[in-house]
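Everything below concerns the one structure shown next.
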Amino acid sequence: MSDNERQRPVSPHLGWYRWQLTSLLSISHRVTGAALILGLLLLSLWTLAAGLGPGAYNFMSVVLGSWLGKLVLFGFTLAFFFHLLNGARHLCWDLVRGMELPQVYRSGYLVLALTVIFTLAAWFLAYALRPEIVRL
Amino acid sequence: MTKPAPHLAGLAAFFARHRGTSRNWAIQRATAILALILGVWFIFSVIFLAGATHDTWKVWAAKPLNIVLFIIFLGAAYWHAAIGCHEIVTDYIGDSEKREKIARASRFMLAAFFALGVLGMLLLAFGN
């Protein structure tokens, strides 16, 4: 393979664009996606710890239950809801819905608002519904 | 041969349309829809069980439906993640050999962590 064939063109870098809601949400989708991969690795480790027994599980609970652990989990919750909601927005675009610019802006602000609302609601519910009182 | 159900036929046609380079595009959408639906299920499970004792989680994990849904959720999320990794690498690394090497390594790592997650779930469900 010649050097020219190996060196394929790359995507224009972020510095090329003027910041606006559309580009901000676009790069946020990628950044949250990458962050959620780390969240997924953590989920695997958490599940493995739970599978290994109460000792490993309780250790994981102490780590994730610390203020730093909770902060990280809160960040993952934000990333989760943003990526989920903005992903749904992308799926709508795949079906050629909501592609006019005013609609794109409206759905963009909606995604941001719902991300915050869903994240706060999830944490509120998690604290409100203590597991001891939930019947399985 | 019996005819597949209409929605399965639609899904088969969807993947038949996306052979070759757009195959990943199609799988990215399919895994996104799965991870979206099961992600909502999973976040509700976590909301209900956050801070629960190990015994409570064991009760949750012993239900066959939860085992199946969790493994499908994890599989869809990891497959989606692998495609996402490839996409990011493709956008920012011009050297195609280096790029494929990184993408392969990331696929391998993600598959290994998927296996660890499944193992953990099965141990929690069936271990003592």
Side-chain angles (χ1 to χ4, degrees), chain A residues 1 3 5-13 29-31 33-34 36-58 60-61 64-65 73 77 80-81 83-85 87-88 90-91 94 118 121-132 134 136, chain B residues 25 29 32-33 35-36 39-40 42-44 46-61 63 70 73-74 77-78 80-82 84-85 87-88 90-99 106 109-110 112-128:
Chain A
M1 216 188 295
D3 232 37
E5 278 173 77
R6 254 183 75 165
Q7 288 295 334
R8 305 298 303 155
V10 296
S11 180
H13 281 77
H29 196 69
R30 178 161 286 191
V31 170
L36 284 170
I37 294 178
L38 299 179
L40 211 46
L41 302 183
L42 180 65
L43 176 61
S44 275
L45 291 180
W46 183 90
T47 312
L48 187 66
L52 288 177
Y57 173 79
N58 289 339
M60 206 67 166
S61 296
L64 294 178
L73 289 180
T77 317
F80 172 83
F81 279 120
H83 200 83
L84 184 145
L85 290 162
H90 272 279
L91 289 172
D94 288 342
F118 286 178
W123 278 74
F124 174 77
L125 280 175
Y127 273 102
L129 303 166
R130 300 308 303 162
E132 303 87 78
V134 175
L136 281 165
Chain B
W25 184 91
R29 266 70 193 167
I33 292 166
L36 194 156
V40 172
F42 181 70
I43 203 93
F44 270 104
V46 173
I47 285 172
F48 280 114
L49 289 169
T53 60
H54 188 258
D55 285 340
T56 313
W57 274 108
K58 258 185 108 66
V59 174
W60 177 84
K63 302 198 172 182
F70 183 77
F73 168 63
L74 213 57
Y78 270 111
H80 193 78
C85 270
E87 201 174 304
I88 291 174
T90 306
D91 273 353
Y92 299 122
I93 295 175
D95 187 320
S96 60
E97 267 177 35
K98 195 170 151 196
R99 175 211 299 166
S106 72
M109 187 195 68
L110 291 170
F113 271 86
F114 168 62
L116 285 182
V118 172
L119 176 70
M121 183 66 182
L122 294 178
L123 282 174
L124 185 63
F126 302 110
N128 41 7

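First the proteins, then the strands, lettered A, B, ... as listed; each starts at 1. Bear in mind that the values here come from a model prediction, so they are computed numbers and not experimental data.
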Name the member of B:Ala81, B:Ala32, B:Gly84 that forms the most heavy-atom pairs with chain A at distances under 4.5 Å. B:Ala81
Region of A:Ile37 in contact with chain B, defined by heavy-atom distances below 4.5 Å: side chain
Distance check, rounded to the nearest 0.5 Å: A:Arg30 atom CZ versus B:Glu87 atom CD? 5.5 Å
Chain B heavy atoms under 4.5 Å from A:Leu85: which part of the residue, side chain, backbone, both or neither? neither
Can you find a pair of side-chain heavy atoms, one from B:Trp25 and one from A:Asp94, that are under 4.5 Å apart? yes
Tell me, please, which residues at least two apart from A:Ser44 pass side chain to side chain donor-acceptor pair (under 3.5 Å). B:Tyr78
I would like to know whether B:Leu110 and A:Leu41 meet side-chain contact (heavy atoms from CB on, under 4.5 Å); could you show each step before the answer? CA-CA 8 Å; B:Leu110 291 170; A:Leu41 302 183; 4.3 Å; yes
Compare every heavy atom of B:Thr53 with every heavy atom of A:Tyr57, then report the nearest pair and how far apart it is. CE2-C, 4.0 Å
Test side-chain contact (heavy atoms from CB on, under 4.5 Å) applied to B:Val40 and A:Phe118, step by step: CA-CA 11 Å; B:Val40 172; A:Phe118 286 178; over 6 Å; no
Stepwise side-chain contact (heavy atoms from CB on, under 4.5 Å) test for A:Phe81 and B:Ile43: CA-CA 10 Å; A:Phe81 279 120; B:Ile43 203 93; 4.2 Å; yes
Tell me, for A:Leu91 versus chain B, whether the close heavy atoms (under 4.5 Å) come from the side chain, the backbone, both or neither. side chain
Quick check on A:Trp46 against chain B: is it the side chain, the backbone, both or neither that has a heavy atom closer than 4.5 Å? side chain
Counting heavy-atom pairs closer than 4.5 Å to chain B, which one of A:Leu40, A:Leu36, A:Leu52 comes out on top? A:Leu40
By a 4.5 Å heavy-atom criterion (distance strictly below it), what part of A:His83 contacts chain B: side chain, backbone, both, or neither? side chain
Residues 116-124 of chain B side chain polar contacts: donor-acceptor under 3.5 Å, at least two apart:
none

Got B:Phe113 and A:Leu43 here, is their nearest side-chain heavy-atom distance under 4.5 Å? no
